[in-house]
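Step one of this worksheet: look at the structure below.
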Amino acid sequence: MSKPITESILSNETRVFLMCCDFRSFSAVAHALGITQSAVSKIIRKFEDSIGFELFIRNSRPLTLTPEAHLLHRQLRGLKGEMTRSLSSLQSKNYIKPILRIGILESLHLNLGVAILKNLLPNLSQVVMLTASANVLIQRLIERKLDLIITNNVSTEPSHVFRRLLFHEPSVLILPKSFEKDPNQNWLGSALPSADCRSFATGTKAAPEKSMRCS
């Protein structure tokens, strides 16, 4: 059984104090926690030393709270309730945020990938980014292991994916100086191939994959 979410925030002394207020018995608290009665007494004594006043009248049965302890108990109970409500609200909001699985070309992830993570993370609970070759990414998309991929044109483009052109990048041809160009050959404009970068969403020999998870 999981502990209440406030247990990770309240100090051990505070939790034991609240239990002593409820149980009105050091021995009952010790039994509930699975420790000795003297251990509970030491925890309360340490708490009293840190706050500067006594919390219990120890020679009474059941345990009697001092006036200061009554006030502290009410305040801590109210604070614990507010913390529980606030943490529950934050957790619920975080659970509502979706998880996005993105695939991106290795050549793009260092610059474009970082910018994507920076802009998407505030609206998502988690982003998983996979870097791989275009063919691997499209295959992962078809298998529904990715929600979105950013890649160039690939040989296999299933008809059931949604495609959108993000940007068009022209090619640059570099030739040795000794290369004698055919005077009839057009090396400019549409004669050169160019690379399109597209995003695909849908629902060969694989290159190594790399993944990054952010939340």
Taken to the nearest 0.5 Å, the spacing of D49 CG from E13 CD works out to 10.5 Å
When rounded to the nearest 0.5 Å, the distance separating OG of S107 from CG of N152 is 7.5 Å
To the nearest 0.5 Å, atom CG of L55 lies from atom NE2 of H73 at 11.0 Å
Within-4.5 Å side-chain heavy-atom neighbours: I44 and F26 = yes
Verdict with reasoning, S11 to T14, per side-chain hydrogen bond (donor to acceptor under 3.5 Å, both in side chains) | CA-CA 5 Å; S11 69; T14 302; 2.7 Å; yes
inquiry  = Parallel, tilted or perpendicular, judged at 30° and 60°: which one describes the rings of F17 and F56?
reply    = tilted
Step by step, work out the side chain to side chain contact (heavy atoms under 4.5 Å, CB included) result for L65 and R24.
CA-CA 8 Å; L65 279 68; R24 299 300 177 95; 3.2 Å; yes
Do K80 and Q75 make a side-chain contact, defined as non-hydrogen atoms from C-beta onward lying under 4.5 Å apart?
no
Rounded to the nearest 0.5 Å, the NE2 atom of H70 sits from the SG atom of C21 at a distance of 8.0 Å
Legend entry - Sub-4.5 Å side-chain heavy-atom contact between R77 and L18: yes
For this session: Would you indicate whether the side-chain heavy atoms of I150 and L105 approach each other to under 4.5 Å?
Result: no
Distance col, row L33:CG vs N12:CG, nearest 0.5 angstrom, shows 8.0 Å
Q: Just do the side chain to side chain contact (heavy atoms under 4.5 Å, CB included) check on L141 and I138 with the steps written out, would you?
A: CA-CA 5 Å; L141 185 69; I138 196 70; 4.2 Å; yes
On a heavy-atom basis, the closest approach of L137 and I104 is CD1-C, 3.5 Å
From the list I57, L72, L71, side-chain contact (heavy atoms from CB on, under 4.5 Å) partner of T66 resolves to I57
Exercise for the section: Given side chain to side chain contact (heavy atoms under 4.5 Å, CB included), test L130 with I102 step by step and report yes or no. Expected result: CA-CA 6 Å; L130 173 75; I102 302 175; over 6 Å; no
Judged by atom type as modelled, is there a donor-acceptor pair below 3.5 Å linking the side chain of S86 to the main-chain atoms of M83?
-> no
task: Examine distances only and state if a side-chain atom of S60 and a backbone atom of L63 form a donor-acceptor pair shorter than 3.5 Å.
output: no
CZ (R101) and CG (D147) are apart, to the nearest 0.5 Å, by 4.0 Å
**Asked** Does a side-chain N-to-carboxylate-O contact under 4.0 Å join K42 and E48?
**Response** no
